[in-house]
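One structure below.
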Amino acid sequence: MSDSDNWKARTRAVHGGIRRSQYGEVSEALFLTQGFVYDSAEAAEARFQSTGSDEFIYARYGNPTVAMFEDRIAGLEGAEDAFAAASGMAAVSGALASMLRAGDHVVAARALFGSCLYILEDILPRYGVEVSFVDGTDLAQWRAAIRPDTRAVFFETISNPVLEVIDIAAVADIAHAAGATVVVDNVFATPVYSRALSQGADVVVYSATKHIDGQGRTLGGVILGSAEFIRGTVEPYMKHTGGALSPFNAWVMLKGLETMDLRVRAQARTALQLAHALDGHPGLARMIYPGHPSHPQNVLVETQMGAGGTVLALDIAGGQRAAFAFLNALRVTVISNNLGDAKSIATHPATTTHQRLPDDRKAALGITLGLVRLSVGLEDPHDLIADITAALEAAAIGDP
Ligand SMILES: *Cc1c(COP(=O)(O)O)cnc(C)c1O
């Protein structure tokens, strides 16, 4: 056992995975190279036969900066191994497509990020994979849907945008009894508050675009799991289909991991302050924050994550007109569709991220016309509370 095996998460996030060159640089080197030079033809032949973790061939297969990011996040999550991907969606699609084949059955929670839903509902069935959808918070539905031939289950630990929380350990128990692999998209839980692998998930995927970058610069993703799954199943698929993470983006993500704990905890603290300040506000039909006692699964949130995360959902009283008036009155918070950023971001899911869904499905997922998703950033909490409450007043004054 080396010293680093005993490091706590914050130490791993700063020092984990580092590979220093002969120059002994302090900050991680950015190896912006597609390929690698061999000393001889024999060395090239040998390199193509070897599987060593520091023997690089081509950046689509692996790169030293990307490997540093993979090792650092794997250490943080307590995963045996990780494969970095070009985006969160490259990670989600790679994790699923690499393990599934025609005739397999998958059970997924219904409340999903739009592109995740597209993969499960439109793409996988084209290749002969059957997908059943359930209300992820209802264990009876998981029990009824999982069959002996179910190969995988897939869900977002906190759903987007209405922030329902799925009980990882309970769903994993049901899935494992049928021999199914549990794949979770853990973006909203964040690597800071997640213990998904120790709670029963077999595979965890992240959009690193969100809290890992944390400052809105680059796209990236990562798949975490056992060494056998990552090297035996994911790697052959990813390296031949081309979803590799750019070394530059991996370098940004590595530096993002160093500050992620501080950022995410500060953002979650502000989100909780905001939830307390907005609770019962007359301008809101509903306020949803997993870390607030009013959340129906607040007890599960506390045991599964220990905090409510960095995102709130606000159902503005007065529907779409009021929601748009609210958005247009914001002065600190920006209107956009990313999340986990240092800048607070407000999104109107019904007309943007979930626009594609027919009205009845929006209604079934709780995506009302007044709903605004609020990703809380690193601004001073007082400025944010003032910004949100002033915008709620502006939205209410606009009411006839
Ligand atoms: C953003 C997001 C994704 C996709 O990530 P990209 O990096 O944009 O490809 C997948 N799942 C969830 C829950 C997300 O929030």
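Atoms within each ligand, like the ligands themselves, are counted from 1 in listed order. Scope of the values below: all heavy atoms of this structure, side chains included, with no hydrogens, waters or symmetry mates.
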Checklist entry - Just wondering, more than 12 heavy atoms not from Lys239 lying within 6.0 Å of its NZ? => result yes
Checklist entry - So, is the end of the Lys255 side chain (NZ or CZ) under 6.0 Å from the ring centre of Phe248 and within 45° of the ring's axis? => result no
Checklist entry - Out of curiosity, is Val92 lining ligand 1, as in a heavy atom under 4.0 Å away? => result no
Checklist entry - Strictly under 4.0 Å, does any heavy atom of Gly220 approach an atom of ligand 1? => result yes
Item to check | Rounded distance (nearest 0.5 Å) linking atom CZ of Arg12 with atom CZ of Arg72 | outcome: 12.0 Å
Next on the checklist: Please check if the number of heavy atoms outside Arg286 that lie under 6.0 Å from its CZ is greater than 12.
Outcome noted: no
Checklist outcome for this item: heavy-atom search around atom 3 (C) of ligand 1 in the protein gives Phe113 CE2, 3.4 Å
Checklist entry - For ligand 1, is there an N or O atom under 3.5 Å from any N or O atom of Asn160? => result no
Checklist entry - Does the ring center of His295 lie less than 6.0 Å from the ring center of Tyr289? => result no
Checklist entry - Between the side chain of Thr303 and the main-chain N/O of Leu300, is any donor-acceptor distance below 3.5 Å? => result yes
Checklist outcome for this item: So for Met89 against ligand 1, with non-hydrogen atoms under 4.0 Å, the contacting part is both
Checklist entry - Considering only protein heavy atoms, which is closest to atom 7 (O) of ligand 1, and at what distance to one decimal place? => result Thr209 OG1, 2.6 Å
Checklist entry - To which protein heavy atom is atom 15 (O) of ligand 1 closest, and what is the distance rounded to 0.1 Å? => result Lys210 NZ, 2.7 Å
Item to check | Closest to atom 12 (C) of ligand 1 (judged by heavy-atom distance), picking from Ile119, Leu219, Asp185, Asn337 | outcome: Asp185
Item to check | Proximal atoms of ligand 1 relative to Glu156 (non-hydrogen, under 4.0 Å) | outcome: 13 (C)
Next on the checklist: Quick test: of every protein heavy atom, which one is nearest to atom 6 (P) of ligand 1, and how far off is it to 0.1 Å?
Outcome noted: Gly88 N, 3.3 Å
Next on the checklist: Given 3.5 Å as the limit, does a donor-acceptor pair link the side chain of Trp251 with the main chain of Glu28, or not?
Outcome noted: yes
